[in-house]
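For reference, the structure discussed in these notes is given below.
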Amino acid sequence: MIVKHALRSPRGNMLVLVSVFMSTIVLALMLAGSFSAIFFQHNRLQTFADEIALSGARKLNERDRLGQMNNMIARCRQLVYSSRDTYEEVNTHYPHLNNLASQLLDEARDGAHDLEIERQYLKNLAITEANNAMQTKFNSEKNRYAINLPWFKASVPSMPTPKIGQVKDIESNITMLTGFDDLESYDLSMGYIFTASKLYKKNINAKLPGSDNDLNFKITSLAAPVEKIVSPGRVILANVYVAAPEDNLRSAVQIELRANIATGLGAAGGGQSKILGTAAACGGDIQQ
Amino acid sequence: MSRVSSLFIISILFVLTNIVFVNSSFAEDRITRPFDWVVEIETKELAKQFEYTGSHLKPIVKTHIVFYATVDEADKKSYEDIWYHNGKPCGLERLGNLTIRPGDGIAIKIKHKTDSPTEGEYKAAANAILRIILDANLNHNSVAIVTLPDGSYSPIISELRNQNAVDAPPHDADHPLESVVNIFLQSGTDGPTQTLYFL
């Protein structure tokens, strides 16, 4: 006798399986979509941050004003040194020329004072103009980065006050000036010169010896030309930006963009995205 | 007197006459040009220096100073560059030593890069003249003459006066003229002349 076992009806199983499978697929796609959206938004914000930083960095050394100032400071130093050297020789050997030598020395020292005042003015001007350029760039385009989708939301980014400093390990753009052997020896002994490249070091106050020690000759960090080719303003890695001494000219900027991001998947997930944009000003040209 | 003796005497006279003539020419040349070297100061206004809002250093004038022997004008040696703003020096770069033999005479020659020099260039030229005169004195060289382009003659003299060079100071038989530096200026090669003094 054959016992017919009651068998489950196979009808309807595929529907359940497909439903579960499709649900899983859809969930995975939604997750992937969210991550893609986050990644996409991150890239967009990074590009935006780089553009903002570059707009500020280009403004810093616009028309090579920082490079020219650095170059003129070094040459003002030679002017004062030369005038003092002449004055002392006159005093020792040709006292009848004292009036003329004294007049020319006073002019040179006045020139150094005026140049230092102008350097400070230029520092503040460059920082202000760079900040304005970055703020303008940011304000004109920030609204484009807001996203409002059912599964992904990104707020309009905000930008705290940019930082304006310099690039790590970049010396000045001034090649050591020759012409006065004693001054050359003095500069080397004082550590003013980066011996490998013969460039004046960054962030130094290259004071003169003797009676002109009261004058300031502050030299700032700025990329030097290489075989007369000037480096353009460029995006750099965030970790090569460093703060500059307060009283120095600046040659790099770093900005931060912050945006709230939320994914709407059941239990909502979200947080704040922070993006850094960093750029260096164009390098200094040779003295005309 | 034999013919040979006559010819000999005539030859001697001929040679002596030429020697005197040459020496006269040489002496005349030395009088009209009593210098062995020329120090040339060329001024140029730099168009693209310190171009920013509120700049207090624009425009900058560069003076490029070279020197050469009068017998070899092609061999110009660079001495120094000096940068000025409104006649006040703001930078100097020494390019070489003033390798002029002590005791030799110097002429200073002013040139301008363009045909229409600016007021800043006149001021720069005047100051550069004073600096070169001082350097020449320390090198034991006398400055025989300062030649100026025709159109710059009056403005540069005016600027020299602004920098404390004076016309002949008061003097008489009991109080002779005393100055430490005499500056003899001429417009071009045969134009008007003027002497200024630095007391």
Side-chain angles (χ1 to χ4, degrees), chain A residues 59 61-66 68-69 71-83 85-87 89-90 92-101 103-115 117-119 121-122 124-126 128-129 177-181 183-184 285 287-288, chain B residues 44-62 64 78-98 123 126-140 162-166 178-181 183 197-199:
Chain A
K59 208 65 177 171
N61 195 23
E62 192 174 55
R63 297 196 186 111
D64 195 34
R65 53 193 180 179
L66 301 188
Q68 290 170 4
M69 180 57 72
N71 272 312
M72 194 58 73
I73 287 170
R75 281 150 182 84
C76 186
R77 199 167 168 270
Q78 274 220 342
L79 171 71
V80 174
Y81 180 84
S82 169
S83 302
D85 194 43
T86 299
Y87 174 78
E89 188 174 348
V90 161
T92 305
H93 301 295
Y94 313 98
H96 61 287
L97 294 170
N98 184 275
N99 282 350
L100 179 56
Q103 176 179 307
L104 297 181
L105 173 61
D106 288 344
E107 283 176 357
R109 286 180 53 85
D110 284 347
H113 278 298
D114 291 348
L115 193 64
I117 291 171
E118 188 68 9
R119 187 195 65 82
Y121 169 80
L122 177 58
N124 294 330
L125 177 74
T128 300
E129 289 188 349
L177 298 176
T178 55
F180 294 97
D181 293 340
L183 183 59
E184 205 176 315
D285 203 347
Q287 174 67 47
Q288 289 183 55
Chain B
K44 174 184 174 185
E45 186 167 286
L46 301 180
K48 296 180 181 179
Q49 288 275 293
F50 299 115
E51 281 192 308
Y52 48 85
T53 306
S55 171
H56 301 99
L57 288 179
K58 186 176 164 63
I60 292 284
V61 169
K62 177 180 176 180
H64 181 56
S78 293
Y79 178 49
E80 62 187 15
D81 291 334
I82 310 177
W83 289 265
Y84 292 87
H85 169 66
N86 198 29
K88 284 181 74 172
C90 47
L92 177 149
E93 184 174 351
R94 181 64 55 85
L95 304 170
N97 293 325
L98 196 63
K123 292 179 177 180
N127 189 271
I129 287 169
L130 293 179
R131 289 184 177 271
I132 293 301
I133 286 174
L134 188 57
D135 288 351
N137 270 267
L138 298 190
N139 202 48
H140 303 286
N162 289 340
Q163 296 185 39
N164 298 322
V166 298
E178 290 183 20
S179 75
V180 296
V181 171
I183 310 171
Y197 304 87
F198 204 94
L199 305 181

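What you are looking at is a predicted structure, and each value in this text was computed from that prediction instead of being measured. Chain identifiers are assigned alphabetically (A, B, ...) following the order of the sequence lines, protein sequences preceding nucleic acid strands; residue numbering begins at 1 within each chain.
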Step by step, would you call B:Leu134 with A:Val90 a side chain to side chain contact (heavy atoms under 4.5 Å, CB included)?
CA-CA 9 Å; B:Leu134 188 57; A:Val90 161; 4.1 Å; yes
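- Between chain B and the residues A:Ile117, A:Leu177, A:Leu97, the largest count of heavy-atom pairs under 4.5 Å involves A:Leu97.
- For chain B, the nearby part of A:Asp114 is the side chain; its heavy atoms alone come within less than 4.5 Å.
- By number of non-hydrogen pairs under 4.5 angstrom with chain B, the leading residue of A:His96, A:Gln103, A:Arg63, A:Glu129 is A:Gln103.
- Residue A:Asn98 places its CG atom among more than 12 non-hydrogen atoms of other residues, nucleotides or ligands, all under 6.0 Å distant.
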Take A:Gln287 and A:Met72, measure what side chain to side chain contact (heavy atoms under 4.5 Å, CB included) needs, and give me the verdict at the end.
CA-CA 8 Å; A:Gln287 174 67 47; A:Met72 194 58 73; 4.0 Å; yes
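- For B:Lys88, the part sitting under 4.5 Å from any heavy atom of chain A is the side chain, from C-beta outward, and nothing else.
- In this structure, B:Gln49 contributes its side chain and B:Val61 its backbone to no donor-acceptor pair below 3.5 Å.
- Only the side chain of A:Leu125 comes within contact range of chain B, with heavy atoms under 4.5 Å apart.
- In this structure, the portions of B:Phe50 lying under 4.5 Å from any heavy atom of chain A include both its backbone and its side chain.
- Looking at B:Leu130, the atoms closer than 4.5 Å to chain A (heavy atoms on both sides) sit in the backbone and in the side chain alike.
- For B:Asp81, no part lies under 4.5 angstrom from a heavy atom of chain A.
- Under the 3.5 Å distance criterion, with hydrogens and angles disregarded, a donor-acceptor pair is assigned to the side chains of B:Asn127 and B:Tyr84.
- The parts of A:Thr86 that come within reach of chain B are both its backbone and its side chain, each placing non-hydrogen atoms under 4.5 angstrom from that chain.
- Between the side chain of A:Glu107 and the main chain of B:Pro89, no donor-acceptor pair closer than 3.5 Å is present.
- Heavy atoms of A:Tyr121 lying under 4.5 Å from chain B belong exclusively to its side chain.
- At most 12 heavy atoms of other shown residues, nucleotides or ligands fall within 6.0 angstrom of atom NZ in B:Lys44.
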